[in-house]
Amino acid sequence: MCAQIADTQKFLGRVARILPDDRIDATETTRQRYGRSTFGNPRVPDAILYPVTTDEVAGIVKAANDTNTAVHAISRGKNWGYGDAGPVERGQVILDLSRMNQVLELNRELAYAVIQPGVSQGQLSQHLAEHAPDLWVDATGAGVDASLVGNTLDHGFGHTRYGDHFLSCCGMEVVLPDGRVIHTGYGHYPNAKSDKVYPYGVGPMLDGLFVQSNMGIVTRINIWLMPKPEDFCSFVFMGHNDHDLEDIVNRLAPLRMQGLLQSAIHIGNDLRIMSARMRYPFDQTQGITPLPEDVRADIRKQGMIGMWNGCGSVSGTKGTVRAVRKELARVLKPYNVRFINDQRLALAERIQKGLAMVGAGGWLGEMLGIFKPVYGLLKGEPSNEHIRGAAWRVRDPEPELPADPLDVHAGIAWLSPVVPNRGEDARQLMNLMEPVYQKHGFDSLVTFTMITERAMICITNISFDKRIPEECQRAQDCYEELMKILMESGFIPYRSGPTGYAKLRLEGDPFWDVVNSIKQTLDPNDTISPGRYVAPLDDKPSTQHRLAG
Ligand SMILES: Cc1cc2nc3c(=O)[nH]c(=O)nc-3n(C[C@H](O)[C@H](O)[C@H](O)COP(=O)(O)OP(=O)(O)OC[C@H]3O[C@@H](n4cnc5c(N)ncnc54)[C@H](O)[C@@H]3O)c2cc1C
């Protein structure tokens, strides 16, 4: 321990030769802020560094390697519910790359951009609106300040046809643990003409090594952008019975498989929709949790919320959009499908304004307020409105403006299993999870997202108030039980935060052994983010998980 402290001091001494004073911060307030956790387990770093060039990052990593200091990179540090900005273990030094925030290149013809880690999705969206209005970025629900690079490196996803972010990434610049800088794909050939348009390059494709791992620090990526389609239309639908879930999935899956539907399609339960619109009605339930059935049914009725509620989008030429709409109208007929495009939205707004002048239209105004950010997201426009949902179980009145979940004590623990695109699998998963949520007093907030032609990601989270220790303990217990059930039933999460990393690694699994060997080769001192997905090199056996039976 003493040796470690001494090393960190030596490290910061070396860093002082690389960065000016105002880009090194070891003050208590800043360290505490970066260590905050939505899961309620703060992991306070020793210091925060703000490099602005790849050379600075490389110099810092070399110094860290020489002094046995662990460093952990963040792009914008908004990884709420999956580890936030903090390192896996307390005491590492954070490299906050948010000041490396340049859009280095924008190619309108081939529809790509080269961006640094600190570029936020709001910034790129704005940049495109100003310089390339014919291109869209894909955005997540994590608000305007979240990054694209960090999100991609945790396998995050958004809502358009380009929703799978790793698939839209075409080459990276990476600082390795020994300070070398490599370019993946064709990027390492100085004269390559196709480095930003052909992802594989030639030889082994290394990009995957830097996603959900700790093998390097990514200092730029080439990201494909979506050409603005000739025509665009969103669709919404709802089913009023719980068993509609299976039918809806089975009706939509063939359209996704045949390529008629290309955007991510979201199917959220009533609780998910409620959490986006309001906070838990503690007054109506006399403090009882989870939400009693009668109150739940009442809110559904008042808010015109289905038991299952879906949305997605269709884009292409006018002809293709018309044809797909027709097919969707047929397939989703029992589920009251509605199509909304720019013209319809503008018309609704005009009607609402007219009604407001005579003191009516409040309901329409409210609905538009809820729907517009969702509609925007389907076109890749980020908004902070979606962040509100994180604070469902916080016992305070909702602030007027959406707030950082960490500022409003929101407890969040995501569990995100991957499910085949089949109704029976979705149902099996619900049957496994719902009793566990119920048992621990939490609401099963669920969204199924058809992310590929063959798979859905089920996004579900334990929502709790972090100020209540007893509730935090229950959230932890609920998480442990859910993770165990998911792993044992084969619904493996696509992503995790620090609390779940070790649970994803199976004892004696050659896959994780090989991952460890690669880590050992690239980073023998475990300099970069020790324990992030990959077992720490010094205590490998204790961090592996054995499945029951
Ligand atoms: C209400 C709400 C809605 C959300 N919606 C979505 C959603 O729609 N889709 C989604 O995917 N997520 C969503 N999230 C989860 C999360 O907030 C986002 O994924 C967010 O983009 C992550 O934060 P970030 O982009 O700032 O990445 P960061 O926090 O900077 O990084 C994410 C991870 O990648 C690592 N990393 C970051 N940069 C680098 C680098 N340059 N080199 C090496 N490693 C690096 C970090 O160590 C960290 O582990 C949501 C969360 C909330 C609370």
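Ligands are counted one by one from 1 in listed order, and the atoms in each one are counted from 1 as well. As a basis for the values below, the full set of heavy atoms in this structure was taken, side chains included, without hydrogen atoms, waters or symmetry mates.
- Among protein heavy atoms, the minimum distance from atom 26 (O) of ligand 1 is reached at Lys78 N, 2.8 Å.
- For the residue pair Asn151 and Thr140, no side-chain donor N or O sits within less than 3.5 Å of a side-chain acceptor on the partner.
- What sits closest to atom 10 (C) of ligand 1 on the protein, heavy atoms only, is Asn151 ND2, 3.5 Å.
- Nearest protein heavy-atom contact of atom 1 (C) of ligand 1 is His386 O, 3.6 Å.
- When only interatomic distances are considered, the shortest N/O to N/O separation between Ala73 and ligand 1 falls below 3.5 Å.
- Salt bridge present: Asp526 and Lys519 bring a charged side-chain N and a carboxylate O closer than 4.0 Å.
- Between Gly158 and ligand 1 there is no heavy-atom distance shorter than 4.0 Å.
- Taking the six-membered ring where tryptophan is involved, the planes of Tyr375 and Phe371 are tilted, since the angle between them lies from 30° to 60°.
- When all heavy atoms of Gly500 and Ser496 are compared, the closest pair comes out as CA-OG, 3.2 Å.
- Ligand 1 has Arg532 within reach: a non-hydrogen atom of the residue lies less than 4.0 Å from it.
- Rounding to the nearest 0.5 Å gives a distance of 13.0 Å between CZ of Arg272 and CD1 of Ile305.
- Annotation for Glu434: atom CD counts as buried by contact number, over 12 foreign heavy atoms lying within 6.0 Å.
- Only the side chain of His159 comes within contact range of ligand 1, with a heavy atom under 4.0 Å; no backbone atom does.
- Under a 4.0 Å criterion applied to the non-hydrogen atoms of Gly156, ligand 1 contributes the atoms 11 (O).
- For atom 28 (P) of ligand 1, the closest non-hydrogen atom of the protein is Gly77 N, 3.6 Å.
- In the candidate list Trp392, Phe157, Trp414, Trp414 is nearest to atom 2 (C) of ligand 1, counting heavy atoms.
- Ring centroids of Tyr437 and Phe442 are separated by 6.0 Å or more, keeping the two rings apart.
- Not a single heavy atom of Gly83 sits under 4.0 Å from any atom of ligand 1.
- Residue-level proximity to ligand 1 for Thr219 is absent, since no heavy atom of it falls below 4.0 angstrom.
- Geometrically, ligand 1 and Ser75 share a nitrogen or oxygen pair separated by less than 3.5 Å.
- Taking all atoms of both residues into account, the shortest heavy-atom contact from Asn65 to Asp178 is ND2-CA, 3.7 Å.
- At least one heavy atom of Arg495 lies less than 4.0 angstrom from ligand 1.
- Near His72, with a cut-off below 4.0 Å to any heavy atom, the atoms of ligand 1 are 47 (O).
- Here the straight-line distance linking atom CD of Gln212 with atom CG of Leu504 works out to 8.5 Å at 0.5 Å rounding.
- For ligand 1, the polar-atom distance check finds an N/O of Asn79 within less than 3.5 Å of one of the ligand's N/O atoms.
- Here's the thing with Gly141: one of its N/O atoms is less than 3.5 angstrom from an N/O atom of ligand 1.
- Both tests hold for Arg393 against Tyr280: distance to the six-membered ring centre under 6.0 Å, angle to the ring axis within 45°.
- Here the heavy atom of the protein found nearest to atom 25 (O) of ligand 1 is Ser147 OG, 2.6 Å.
- Interface atoms of ligand 1 facing Leu97, defined by a heavy-atom separation under 4.0 Å, are 41 (N).
- Nearest to atom 39 (C) of ligand 1 by heavy-atom distance, out of Ile459, Leu153, Thr449, is Leu153.
- Between Tyr533 and the choices Tyr82, Phe511, Tyr501, the ring-ring contact (aromatic ring centres under 6.0 Å, His included) rule is met once, by Tyr501.
- Looking at Val218 next to ligand 1, an N or O pair under 3.5 Å apart turns up.
- The single protein non-hydrogen atom nearest to atom 13 (C) of ligand 1 is Ala142 CB, 4.2 Å, given as residue, atom name and distance.
- For Phe282, the CZ atom sits in a packed shell: over 12 heavy atoms of surrounding residues, nucleotides or ligands are nearer than 6.0 Å.
- A salt bridge links Arg467 to Asp396: at least one charged side-chain nitrogen sits closer than 4.0 Å to a carboxylate oxygen.
- Between Glu56 and Arg99 there is no salt bridge, since none of the side-chain N atoms of the basic residue sits less than 4.0 Å from a carboxylate O of the acidic one.
- Ion pairing between Lys78 and Asp145 fails under the 4.0 Å rule for side-chain N and carboxylate O.
- Ligand 1 has no atom lying under 4.0 Å from any heavy atom of Gly143.
- Among protein heavy atoms, the minimum distance from atom 31 (O) of ligand 1 is reached at Gly150 CA, 3.7 Å.
- A pairwise comparison of heavy atoms in Ile387 and Ala142 identifies CD1-O, 3.9 Å as the closest pair.
- The contact set between ligand 1 and Gly216, taken as ligand atoms under 4.0 Å from a residue heavy atom, comprises 43 (C).
- Proximity of Arg388 to ligand 1 is not established, as no heavy-atom distance is less than 4.0 Å.
- Judged by the shortest distance from any of its heavy atoms, Phe210 lies outside the 4.0 Å radius around the atoms of ligand 1.
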